[in-house]
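In what follows, a single structure is set out as C-alpha cells and then discussed.
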Amino acid sequence: MSNISVVLPDGSQRELPTGTTGAGLAESLGGRAAREALIAVVDGNQLDLDRELFDGASVSLVFPGSDDGLEVIRHSAAHVLAQAVLDLYPGATFSIGPPIEDGFYYDFDLSGGQTFSDDDLGRIEQRMREIVNQKQPFIRAEVDRAEADELFKNHPYKIEVLDGEADDPTSGPDGSVITTYRNTDTFVDLCRGPHVPHTGRLGHFKLMRVAGAYWRGDENRQMLQRIYGTAWASKKDLKEHLHRLDEAAKRDHRKLANELDLLSFPSKLGGGLAVWHPKGAIVRKVMEDYSRDRHENGGYEFVYTPHLANANLFETSGHLDFYADGMYPPMEMDNGTYYMKPMNCPMHCLIFGHGQRSYKELPLRLFELGTVYRYERSGTLHGLMRIRGFTQDDSHIYVAEEHLADEITGLLDFVMSVLRAFGFDDFVFNLSTKDPEKYVGTDDVWEYATHCLREALDRHGLEYEVKEGDAAFYGPKIDIDVKDAIGRSWQLSTIQADFQLPERFDLGFIGADGERHRPIMLHRALLGSIERFFGVLVEHYGGAFPTWLSPVQVRVLGVRADHDAVAQALVDRLKAAGFRADMVEADDPLGARIRKGKLEKVPYVLVVGDDDIENGTVGVNPRGGDVDRGVTVDDFIERLADDVDNKRTAPVID
RNA sequence: GCCCGAGUAGCUCAACGGCCAGAGCACCGCUCUUGUAAAGCGGGGGUUGUGGGUUCGAUUCCCACCUCGGGCUCCA
C-alpha cells in the first residue's frame, strides 16, 4: 500500500496511507484532534472530515472554539432545525439557513399559511435534541441537476436557489457542482457544506425567537417564517452568551429611561415620539451645552432654521424627488404647500447663498442643533434609536476644493475629541466610495474628494475599511463607529462630501482670482441624533452617568430630621458652586434613603450627622466605592470639581 | 408597511369564561428619630389600550384599530 505525505500547520510532514481522510488524520493524531476536530482545511479549502486527503496537501483541523469551528457548528445546527421542522410540520418547505453572528436561522414556508408561535419553539427544540442524540452523520453527495430537481421537487425555494435566482453562498451551486448533505433517509438539504461529522457535536444550542422574513429579502415576495437559534462550542459558552444577552437587556435604554425617569414615549403622543422629563432633560442640556461650547471654540458659526419649509425648497434640494416617502405628508396652506424638514442642509444652503461670499470666508462652518422629522415606517421604530422627530448636531461646511483635505483632517480631530469626552475611545472608520450605478457629479471630482477623505485618515494614521459603492449618490463619506462598554458597535458620526447641493442651490464664492467658484459642501453630524446618542450613552454607562452628566450629582442626607437643615445648607452651598445637588428629608431611615440614592445611580451620596456638624465634615458614599467618613466639605468639593472638570467616567474614589 | 407576540394601578406582575380584578414596590397620612442598600401601621389609587362582537355573564373567546417588543424591509 502506498503512502501520501501531508504538511501539518506546525510545518511537520506526516505519512499516511493513501485514501486517509481528515478523520483518519485526526484519529492518527489522537487526543483532542481525534475527539473534537470538526472539519479539515486542505490547501485553504474547508472540507468535511470524511473527504480523502491527497499527497502534498497542507492540512489543518478546525476545532469547535475557533471562528471557523463555530460557523460550521451553527451551519450544521441550522440543518438540524430544518430536519426537526420538516418532521413536525407536514407540508412545510424550507428555503435557506445560514450561520450568522452568534447563531443561525432557517426560513420556512408552512403549508396553508400556518405560522410558528413561541410555544412551537419548545417542541421543535425537543425534536432537535432527539436528532442530536441520534448522532446522525452528515453525508455529502455531488449530484447532477436532474437528481437535484428530483430530490427537491417539493421544495420550490431550493429550485430557485439551484436556478441561481436566489443568491446563497451557503447552499447554492459552487460553480457547476451541486452538493447535498443527507442526515437520514428522508432528510437531505441542498448545501455547500462543510458540516460537522455527526449531529452529536451540536449539543449546545437554543432556539431564540420566530420572526417573519421576506424571501430573498424582497418585501414584494412571500413572507417566510424564520426561526433564529444560537449555538456554541460548549455549555459554558452558551451560558455566557445568554448571560451577555441578559446584561444587554439590563442596559436597555428604554427600560433605564423609564426606571430613572429620564423620558417617556406616551402612546397619546404617537409612535416614535418622546417627551423628556426633567432628569433626562438636564442630561440632554449638559450634552448640548458641551457641544455648543466645543463648536464655538472650534470655529463654527451658529444658525437657527425653522421646522417647516415651502415645498419649493425641497424641490430645489432634491429631497422631494429622492426621499418623499420618508417625509411627512404635505400641509396645504394659503400660500403654498409646506413640509416638515427632514434635513437641515437645504436651509443652511439658503444661508450660504445669501449675499456674495468671498474665499476669505471659507471654510464657512454653519452649526445648528436642528430638529428634523422623518416618517419612519411603524415597524422600524425602536426607542430613541429610531425615532420620528430628532435633533441633529448638524454642521454644513462650505470649503474651496483645494482646502478639502485640510478641513477633513481637522474634522476628524474634532470629532474624535468630542466623542472621547463622552467616554468613547474605541473607533472604527469606514470610507464609502462611489456607487457606479447611482451618483451625480463628475468622476474627477469624486476621485478628488475620495482622495481627500483617504488622505485625512492617512494623516492621522487611522486604520479604515473601504466600503466600495456604499456612498450616497451625492458624494463619498467617512462614517465613524464607536464600541461601547460591552463591545457593541454604534455608528455615530459621519463626514460626507456633497457635490450635489451646491449645484442645486447654485452656490458660489468669489475667489482670489475674482472669478466665481463652486464650493464643496461637507455634511457633518458628530453625535448624530442627540436622542439616539443619549440612548447610546444610557446603554454604554448602564444608566450610571459620569458625574459631569449625571442628573443629580450629589445627594445629601441628614442622619436624623434635626440634621435636615444642615443638609439643606450643604445642598445650597453645592448649588451655589455650580453642582447639581439635592437632599431627601429624614422621613425614612438612613439606610432606606441611601438605597434610594444607589438605585437612582447618584454618583455621590453624602451623609451629615452630629460628628460632621461638630467637625465640618461629611460622610462620602461614592457610587461603586466604599464609605469615606470625616471628609471636610472643602475637600469633597475639590474632589467633585476634579471629577466634573475632567469628565471622569466614574466617581472619584479615595 | 409585512410576520409573530404582548398590552391589567405610576412600576413589576397575579387572577379556569363566574362573587366587589389582587400583591409587592411607589405615592399620601400617622407613628418611629435613625451613621451608610428596604422601620411599623393605615389610606387613596383601575372604564383591564380603544371600539365593536359572541355569551345569562368577558381581564379571559372573536374582529378591527392604537401602542409596544422581536424580526424582515427601509434608513437622505
Side-chain angles (χ1 to χ4, degrees), chain A residues 105 107 113-121 208-228 249 252 254-255 258-259 261 264-273 314 317-327 342-346 372 374-383 385-387 392 471-475 477 491 494 496 498 500-501 523 525 529 555 557-564 585-600 605-612 618-623 626-630:
Chain A
Y105 68 79
D107 286 348
Q114 287 180 78
T115 54
F116 294 117
S117 71
D118 290 342
D119 296 337
D120 292 327
L121 290 186
M208 303 301 287
R209 57 179 64 96
V210 305
Y214 298 109
W215 172 231
R216 289 161 60 180
D218 181 342
E219 64 179 316
N220 298 311
R221 288 182 179 268
Q222 175 75 27
M223 170 77 65
L224 304 176
Q225 297 290 308
R226 175 172 297 179
I227 294 178
Y228 283 95
D252 190 312
R254 295 162 301 186
K255 175 181 144 78
N258 192 35
E259 286 174 5
D261 196 16
S264 60
F265 299 88
S267 57
K268 281 197 175 71
L269 187 61
L273 298 167
F314 299 119
S317 70
H319 286 98
L320 275 173
D321 285 344
F322 292 101
Y323 307 113
D325 287 350
M327 291 169 65
M343 290 190 85
N344 301 302
C345 39
V372 298
R374 296 181 183 177
Y375 176 72
E376 302 284 1
R377 296 205 285 178
S378 60
T380 63
L381 299 171
H382 183 88
M385 303 306 181
R386 194 80 177 268
I387 197 170
Q392 295 178 305
F473 68 92
Y474 51 72
K477 63 174 177 176
Q491 198 227 302
T494 185
Q496 309 191 355
D498 188 341
Q500 158 98 345
L501 279 186
H523 301 253
S529 144
R555 163 79 39 87
L557 306 174
V559 173
R560 288 189 316 272
D562 53 311
H563 302 126
D564 281 350
E585 292 178 357
D587 290 335
D588 288 310
L590 182 63
R593 287 176 289 145
I594 300 265
R595 180 167 189 271
K596 192 160 177 280
K598 295 292 178 186
L599 291 175
E600 290 176 35
V605 176
L606 302 188
V607 174
V608 290
D610 292 333
D611 300 348
D612 297 299
V618 292
V620 180
N621 188 336
R623 190 180 66 208
D626 295 327
V627 175
D628 196 3
R629 289 278 303 269

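Quick note: numbers below take in every heavy atom, side chains included, and nothing from hydrogens, waters or symmetry partners. Here the structure is a predicted model, which is why all the values come from computation and not from measurement.
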| query | What residues form a ring-ring contact (aromatic ring centres under 6.0 Å, His included) with A/Tyr214, not counting sequence neighbours? | reply | none
| request: Nearest-nucleotide wise, let me know which of A/His563 and A/Glu376 is further upstream toward the 5' end of RNA chain B. | output: A/His563
| Minimum-distance pair of heavy atoms, taken over all atoms of A/Pro346 and A/Ser317 | CG-CB, 3.7 Å
| said: Between A/Leu273 and A/Leu590, which residue's closest nucleotide on RNA chain B lies nearer the 5′ terminus? | reply: A/Leu590
| message | Can you say whether a donor on the side chain of A/Arg377 sits under 3.5 Å from an acceptor on the base of B/U73, or the other way round? | response | yes
| request: Compare every heavy atom of A/Phe116 with every heavy atom of A/Val210, then report the nearest pair and how far apart it is. | output: CG1-CB, 3.7 Å
| If the P atom of B/A21 is compared with that of B/G49, how far apart are they to the nearest Å? | 15 Å
| said: For the C1' atoms, the ones on B/U59 and on B/G17, what distance do you get once it is rounded to whole angstrom? | reply: 10 Å
| request: Looking at every strand, decide which applies to A/Tyr228 at a 4.0 Å heavy-atom threshold: base, sugar-phosphate, or nothing. | output: sugar-phosphate
| remark: Looking only at B/G1, B/A37, B/A39, the nucleotide nearest the A/Asp588 side chain is B/A39
| task | Can you figure out which of B/A37, B/C74, B/A76 approaches the side chain of A/Tyr323 most closely? | result | B/A76
| message | Does A/Ile594 form a side chain to side chain contact (heavy atoms under 4.5 Å, CB included) with A/Val607? I'd like the steps, not just the answer. | response | CA-CA 9 Å; A/Ile594 300 265; A/Val607 174; 3.8 Å; yes
| said: What does the B/S/- profile of nucleotides 28-33 of chain B look like, 5' to 3', with a 4.0 Å heavy-atom cutoff to protein? | reply: -----B
| said: Regarding B/G35, can its base be found pairing with the side chain of A/Asp612 as donor and acceptor, where the two atoms are less than 3.5 Å apart? | reply: yes
| Is the distance from OP1 or OP2 of B/C75 to the nearest side-chain N or O of A/His382 less than 4.0 Å? | no
| message | Under 4.0 Å, counting only non-hydrogen atoms across every strand here, what does A/Gly217 touch: a base, just sugar-phosphate, or nothing? | response | sugar-phosphate
| message | A/Asp610 vs A/His563, test: side chain to side chain contact (heavy atoms under 4.5 Å, CB included). Steps then yes/no. | response | CA-CA 8 Å; A/Asp610 292 333; A/His563 302 126; 2.7 Å; yes
| task | Please assess A/Tyr323 against A/Arg374 for the test side chain to side chain contact (heavy atoms under 4.5 Å, CB included), listing each intermediate value before the final yes or no. | result | CA-CA 10 Å; A/Tyr323 307 113; A/Arg374 296 181 183 177; over 6 Å; no
| query | To the side chain of A/Ala592, which of B/U67, B/A39, B/G71 is closest? | reply | B/A39
| Which nucleotide sits closest to the side chain of A/Val607: B/G35, B/A37, B/U67? | B/G35
| Please, what dot-bracket string fits RNA chain B when only Watson-Crick and G-U pairs with both distances under 3.5 Å count, crossing ones use [ ] and pairs to another strand use |? | (((((((..((((....[...)))).(((((.......))))).....(((((..]....))))))))))))....
| query | With sequence neighbours left out, what residues match A/Phe265 under ring-ring contact (aromatic ring centres under 6.0 Å, His included)? | reply | none
| What is the nucleic acid contact for A/Arg254, judged by heavy atoms within less than 4.0 Å: base, sugar-phosphate only, or nothing? | sugar-phosphate
| Which part of the nucleic acid, if any, lies within contact of A/Gly630, taking any heavy atom under 4.0 Å across all strands shown: a base, the sugar-phosphate backbone alone, or nothing? | nothing
| said: Checking A/Arg629 against A/Asp611 for the side chain to side chain contact (heavy atoms under 4.5 Å, CB included) test, could you report, in this order, the C-alpha distance in whole Å, the side-chain angles of both residues, the deciding distance, and whether it holds? | reply: CA-CA 10 Å; A/Arg629 289 278 303 269; A/Asp611 300 348; 3.2 Å; yes
| said: Need one value for A/Gly326: base, sugar-phosphate or nothing, where a base atom within 4.0 Å counts as base even if backbone is also close, heavy atoms only. | reply: base
| query | Quick one: what's the B/S/- string for nucleotides 2-12 of chain B, heavy-atom cutoff under 4.0 Å, read 5' to 3'? | reply | BBS------S-
| query | At under 4.0 Å between heavy atoms, what does A/Gly475 touch on the DNA or RNA strands: base, sugar-phosphate, or nothing? | reply | nothing
| Under 4.0 angstrom, heavy atoms only, what part of the nucleic acid is A/Tyr474 near: base, sugar-phosphate, or nothing? | sugar-phosphate
| request: Tell me what A/Arg226 touches on the nucleic acid: a base, only sugar-phosphate, or nothing, going by heavy atoms under 4.0 Å. | output: sugar-phosphate
| Which residues pass the side-chain contact (heavy atoms from CB on, under 4.5 Å) test with A/Asp252, sequence neighbours left out? | A/Arg254, A/Lys255, A/Glu539
| query | Out of B/U36, B/C72, B/G35, which nucleotide sits closest to the side chain of A/Asp610? | reply | B/G35
| request: Would you mind classifying the nucleic acid contact of A/Gly271 as base, sugar-phosphate or nothing, using non-hydrogen atoms under 4.0 angstrom? | output: sugar-phosphate
